[in-house]
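Following: one structure in structure tokens, then a few remarks.
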Amino acid sequence: MTQSQHTPSPDLTPNYEDAAGAVGVHESPTAEIAAAIEDTATPATPAQLITVVTAQTISGAKFSLLSVSHAYIDIFPILLATLLWPLRERLGLNEWQVTAVLMISPICSGALQPLFAWLSDRYDSRIGAPLGLLIGALAIGSIGFAQNFWQLIALQTVGVICTGMYHPIATAQAGQIGASLFRNGRAQAIGLFIGAGMLGTVLGAKLGPGLNASHGMTSLFWLAAPALLIALVLHAKLRTHSHMSAPRHQLRASLTRAESKRRWRIISLLASQNAMRFTVQVALQAVIINVWAKSKILADAAALPVPLSEREIAAQASILNGNIVAALTLGMGIGVFLAGRYIPRGSERAPLIWMSLIGAIATALIPFVGNATYSGNPSDHLALLPVYLCACIGSIGFFATFPIATGLAQRLQPGHTSLVTALMMGVGWAISSIAPLLAILFFAGVSIDHAPELPAQRIATAFVCFAAILIIAGLSTLLIPRDLIAKVADNH
């Protein structure tokens, strides 16, 4: 195929937006009017001004709706991690069943995301977002009704598959709508959208253990009560809003075959980085902080004149774990917002490296700082403040990188926005399912169930090993050519 066959049409000559949805200068009917407004030689008419303001207001409302829906749906997946010990005690889970619960979420959430994303790109449909939100919330909100391991696994599998279906489609949509609203385009839009999800995760980490302790695990279903209303409103407002600004074949034709392959290779590298980062995230959120928290409760319980029951130990460990995970998740939300807002297009290479290094140092320090400052009270927030700070800063290394890496990946392949989003999210999540197995390896072969009984130094070693993975992910950025990043930098 010759170069002339790949010459982009005049409509595709201008730059693409750097959002999670491919957006050219014709991303909205008001684009040309907005350009005219900026041209001082041709003052805009009042009608043009009203048109632009109205369009921006509608886009802002849609972006806000998407962000609210993301905050809501992300309440649910974290429940399975923060309630791990209560679930183990409630259902009598054995060692391999605990490991299975930890592994199933990333596998099922991520493995099918590329398929859902391809269908979304192929048919230019957004139905997967509200459908995934509705079913996912109902399934995970029902885990308190599970009577055995297999019922729990069935609810978990359906729930995380559906929350996984929501994410690439909604992220692409949020990027496409939000790109024209914010100064830093796609990266900022993605950062705000992901930040809203982190807020939901923080709420889930706090609400789950709290509801379980006060009203029992079946009370989690009340969290799913608004799901139908949110899903219906989401579908009604977004069903006619395409996440592509030009026909897919035109977007693909704007790149030569050789250039397209080169860009897919870089996207693969970025996706592999995300897989490493997500592995560390899953390890922290679902495994090693859980293990450290229970180890502290066990150590305190051993010194008590009246021993605590297994249920009491599990409940206190869940509270301590939930507090630290909430701080970690809060840092994730702040990080994606600041990175998306302040790291400009074309300068992604250096931040992907130094952010990884900073996050790795803070991650490695979590158990050492925690062992030095923990007071024996899982709700003593003042004593836990240094641990919270380490957790917040640690999240820079594995999640604040997400909006800039995904924004770059989206600019590299504007005709495959949902698919690229799924590669950056879903594939990484599926691979991150190895986190529990790596944790067992770093615990010197001791199962997660018995890891809280290990010496403090051995538990701390696992944190250091996962921190090393962040360093490897960051340094691999050196393989990304500077010229390619510069080439797409102006595609705002």
Side-chain angles (χ1 to χ4, degrees), residues 1 3 5-9 11-27 110 113-125 167-179 185-187 189-190 193 242-275 340 345-346 348-349 352 401-428 477 479-492:
M1 191 173 289
Q3 175 68 33
Q5 288 176 292
H6 290 279
T7 302
S9 66
D11 286 342
L12 291 176
T13 301
N15 295 328
Y16 290 104
E17 269 289 355
D18 57 323
V23 190
V25 292
H26 298 295
E27 63 181 68
Q113 279 195 28
L115 172 61
F116 296 136
W118 177 83
L119 291 171
S120 177
D121 279 344
R122 174 67 177 81
Y123 297 103
D124 196 16
S125 171
H167 277 86
I169 300 169
T171 305
Q173 193 74 10
Q176 193 273 334
I177 294 173
R186 291 187 180 193
I190 295 172
F193 177 74
S242 173
H243 62 253
M244 293 186 184
S245 60
R248 187 164 175 262
H249 71 278
Q250 289 183 327
L251 295 171
R252 293 180 62 184
S254 65
L255 300 173
T256 65
R257 179 175 296 179
E259 179 67 11
S260 182
K261 288 182 177 179
R262 183 192 184 206
R263 294 188 178 196
W264 277 118
R265 285 194 294 269
I266 301 305
I267 290 171
S268 298
L269 175 60
L270 291 169
S272 68
Q273 286 184 355
N274 271 10
R345 295 178 297 272
E348 293 92 347
R349 201 168 186 260
L352 286 174
T401 55
F402 182 80
I404 57 176
T406 303
L408 174 60
Q410 296 289 351
R411 294 198 303 274
L412 290 171
Q413 285 291 350
H416 298 276
T417 58
S418 289
L419 180 58
V420 169
T421 303
L423 292 175
M424 296 297 289
M425 296 176 69
V427 173
T477 305
L479 299 174
I480 301 177
R482 293 180 185 272
D483 68 301
L484 185 56
I485 294 178
K487 187 174 183 178
V488 299
D490 291 332
N491 297 349
H492 61 88

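Only a predicted model underlies this, so the values are computations on that prediction, with no experimental measurement involved.
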[atom1] of [X] to [atom2] of [Y]: how many Å apart, nearest 0.5 Å?
{"X": "L484", "Y": "R262", "atom1": "CG", "atom2": "CZ", "result": "4.5 Å"}
{"X": "T401", "Y": "L408", "atom1": "OG1", "atom2": "CG", "result": "12.0 Å"}
{"X": "T477", "Y": "L270", "atom1": "OG1", "atom2": "CG", "result": "7.5 Å"}
{"X": "K261", "Y": "T256", "atom1": "NZ", "atom2": "OG1", "result": "10.0 Å"}

Ignoring hydrogens and angles, tell me if any N or O in the side chain of [X] forms a donor-acceptor pair with the backbone of [Y] under 3.5 Å.
{"X": "R349", "Y": "I480", "value": "yes"}
{"X": "S260", "Y": "R257", "value": "no"}
{"X": "E348", "Y": "A405", "value": "no"}

If we only count heavy atoms from C-beta on, is the [X] to [Y] side-chain gap below 4.5 Å?
{"X": "L412", "Y": "V420", "answer": "no"}
{"X": "N274", "Y": "M425", "answer": "no"}
{"X": "W264", "Y": "L423", "answer": "yes"}
{"X": "I266", "Y": "I485", "answer": "no"}

F116: what forms a ring pair (Phe, Tyr, Trp, His ring centres under 6.0 Å) with it, not counting sequence neighbours? none
The residue among T171, L419, T406 that forms side-chain contact (heavy atoms from CB on, under 4.5 Å) with M424 is T406
